[in-house]
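Residue numbers run from 1 in the order of the sequence given.
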Amino acid sequence: MIIVTGATGQLGRQIVERLLTRVPAGRIGLSVRDPDKARVFADQGVRVRHGDFTDPGGLAHAFEDATQVLIVSIDKLGEEAVRPHRLAIGAAVAAGARRVVYTSHMGAGASSRFQACRDHAATEEALRACGVPFTSLRNGFYAASAVQFLSRAMRSDQIALPADGPVSWTCHEDLAEAAAVVLADEGRFDGPTAPLTAAQALTFDDVARIAGDVTGRTITRTVAPDDRFRRQLMDHGVPAAYADQLLDVFVASRAGEFAAVDPTLATLLGHEPTPLSTVLRKQLPGT
C-alpha cells in the first residue's frame with residue numbers, strides 16, 4: 001500500500017488524483033487530519049484514515065500496511081516543520097515501509113539563505129539516518145508563489161519587489177504528476193532527485209514581460225529595497241517571521257540558489273514542463 005500524507009492540500013490532492021490513474025485505488029491509503037475532506041477519494045475506494053504528524057499513535061494506524069509512505073512537507077518553519085517530519089519518518093519506518101518519499105525543494109541545504117531549504121535539508125538528514133531507502137523529491141520553486149507576488153502588483157501594473165535572481169518557477173500539476181510516477185515505480189530514485197524544474201529560470205524582469213504578454217498590459221518591474229519590502233509586508237499585517245521568509249526568497253535567488261534547470265522533470269512527465277506563461281494565463285486575476 002502507498003500511503004500519502006497531506007492529501008487534502010494543494011499538492012497532495014493532485015498527487016492522489018494522478019496516482020489513481022496509475023495504481024488501483026485499493027493500493028492507496030491517505031493520512032489526513034480531516035478525513036471528511038478526503039471523502040471524494042474514499043468514495044473511489046481509497047483508504048482514508050486520520051493521521052497527524054504530532055500524534056505517533058495515530059500515524060501508526062494511518063500508516064498500517066505501508067510499503068511506501070509519501071510525506072508531503074508541511075507549511076511551517078524551523079523545528080515546527082522538522083520535528084513533525086521526523087515523527088512521520090519514524091512512524092513510516094515503524095509501520096514497515098520499504099521506502100519513504102518526501103517532498104523537498106531545489107536548493108535544499110544547511111547553508112541556504114532560505115529557511116525552508118534549511119528545514120528540508122534537516123529533514124533529509126533524518127531520512128538518511130532512518131534505516132530504510134528514501135527518495136527526496138527536490139521540487140522546483142512553486143509557480144504559485146510567482147502568481148501571488150504578481151497578484152498584488154496587477155492592481156497598479158507595477159511589480160515593486162526586491163532585487164532577485166533567476167528562479168525555475170514550476171507548477172504544482174507537473175510536480176504532482178512526477179510524484180505519482182515515482183511512487184508507481186518504486187525505487188526509481190534513491191536519495192535526493194535532481195532538481196525537478198521547469199525548462200527556464202526567470203527573473204522578475206522576465207516575469208513582468210510574460211505577464212504583460214498574457215494580459216495585454218504594460219507591467220513595469222521596479223526594485224524595492226529589502227527593508228522597505230519587509231516593512232510594507234508587516235504594515236499589511238504579515239507576521240515578521242513570514243515577512244522574513246518572503247524576503248529570503250529574493251536573497252536566496254540573488255545567490256543563484258533557485259537558478260538550476262534540469263531535464264529530469266521533463267523525463268518523468270514525458271513532455272516539457274508547463275511554461276510560466278500558461279500558469280499565469282490560468283491563474284492571474286483578470287486573464
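When Thr5, Thr123, Thr103 are each tested for a side chain to side chain donor-acceptor pair (under 3.5 Å) with Ser73, only one passes: Thr103. Test Phe114, Phe141, Phe149 against Phe250 for ring-ring contact (aromatic ring centres under 6.0 Å, His included) and you get one pass: Phe149.
Side-chain atoms of Asp205 and Thr203 form no donor-acceptor pair, as typed in the model, at a separation below 3.5 Å. Using modelled atom types and a 3.5 Å distance limit, the side chains of Glu257 and Ser112 yield a donor-acceptor pair. Under the 3.5 Å distance criterion, with hydrogens and angles disregarded, no donor-acceptor pair is assigned to the side chains of Thr274 and Glu173. Residues Thr220 and Gln158 have side chains that never bring a donor and an acceptor to within less than 3.5 angstrom of each other.
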Show your working on salt bridge (charged side-chain N to carboxylate O under 4.0 Å, His left out) between Asp226 and Arg231 and close with a plain yes or no.
CA-CA 9 Å; Asp226 288 1; Arg231 185 170 60 252; over 6 Å; no
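Around atom NE2 of His236, no more than 12 heavy atoms belonging to other residues, nucleotides or ligands sit under 6.0 Å away. Within 6.0 Å of the CD atom in Gln245, the count of heavy atoms belonging to other residues, nucleotides or ligands exceeds 12. Other residues, nucleotides and ligands contribute more than 12 heavy atoms inside 6.0 Å of the CZ atom of Arg22. Counted within 6.0 Å of CG on Asp75, heavy atoms from surrounding residues, nucleotides or ligands total 12 or fewer; the atom is thus considered open.
A salt bridge is defined here as a Lys NZ or Arg NE, NH1 or NH2 lying under 4.0 Å from an Asp or Glu carboxylate O, and Asp235 with Arg228 fails to meet this definition.
The aromatic rings of His105 and His120 sit parallel, their planes meeting at an angle under 30°, below the 60° perpendicular limit.
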